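Shown next, in structure tokens, is the structure this report addresses.
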Amino acid sequence: MLDERYRTLLEARTQRPDAIAEAAARRVRPASLFNEHGRLMMIAADHPARGALRAGERALAMADRGELLDRLCLALSRPGVNGVLGTPDILEDLLLLGALDGKVVVGSMNRRGLAGTVFEIDDRFTAYDAASLATAGFEGGKMLLRIDPDDPATVATVEACGRAVSQLAARRLLAMIEPFIAHRVEGRVRIDLGVEATIRAMTVAAGIGNTSAYTWLKVPVVEEMERTLPALLLGGEVSAAQDAAFESWRKALKLPTVQGMVIGRSLLYPPDDDVAAAVDTAVGLLQEGSR
């Protein structure tokens, strides 16, 4: 990050904290959830708040706030990118940098199922809530719903997500749910990405809250995903086999229920470190799917 920009952030946070609310009030709202190709192309950056800092071989890649913000600003500046997902600290820095005008902004809500902890499934809402998202003028909220059949803490997370969906819908805000079936393997939470498990998680997520009118699902690419509510593809871990990931996205984007992509580390920290090229390739896939 340029020193001048970084100093601007520090000055605002230490001397003028009201500048964040002022920047939110000035932000130009998007005319639609969709870009010119009729899809949503969103960059995700809510991993650090859960303590998930790894990208590929770099264990602490996302710990460098300046570098992360640089990569985010670059990704958001690319043609066809029209949204961002993040926690308050990230989105507030982007607001102060003027990077959110015209973008669909979705705030991450439950971030205390910290990676690698014994309480990981007890995923409490410690970031945004529906009221603060509405006050900020953002377009919606995102929640992670991991369902572990063997962990009693699952029920509290399901209940909290249902309450959040209802509260977002009452304010006509998008409720983005990322559902998974999970199990502990040697003490660590592992996601089941099998077709049956993924579809089961999607059907559970679709039915929580007192209305599904504003519910969208954020899901991995699996077979038969056309059976569900409007869905956004997630990118998953950084992989050296990036071409294979792109090909799987290309196929899924042809499905009528798939409305776009929410991709984080795969585009912000690609194997060749060329953020612009990775983002442009993903946007190109959206264009193909729209045709």
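It should be emphasised that the depicted structure is a prediction, and the values quoted were computed from it without experimental measurement.
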Kindly give the heavy-atom pair with the smallest separation between [X] and [Y], and that separation in Å.
X	Y	answer
L74	A276	CD2-N, 4.2 Å
G80	N35	O-ND2, 2.9 Å
I177	A205	CD1-O, 3.5 Å
G83	L76	O-CD2, 3.5 Å
V118	R184	O-NH2, 3.2 Å

I need the [X] [atom1] to [Y] [atom2] distance, nearest 0.5 Å.
X	Y	atom1	atom2	value
L144	S108	CG	OG	8.0 Å
Q287	D280	CD	CG	9.0 Å
L100	E92	CG	CD	10.5 Å
Y128	L91	OH	CG	4.5 Å
W216	E178	CH2	CD	15.5 Å

Side chain to side chain contact (heavy atoms under 4.5 Å, CB included) with L133: which of E139, R171, M109, K142?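 Among E139, R171, M109, K142, the one meeting side chain to side chain contact (heavy atoms under 4.5 Å, CB included) with L133 is M109.
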
Carboxylate-amine/guanidinium contact [X] [Y], below 4.0 Å:
X	Y	answer
R124	D122	yes
D151	R146	no
R7	E4	no
D70	R5	yes
R190	D148	no
D101	R26	no
R58	E67	yes
D123	R111	no

Please confirm whether the backbone N or O of N210 pairs with a side-chain atom of S166, one donor and one acceptor, at under 3.5 Å?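 Such a contact is found between S166 side chain and N210 backbone.
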
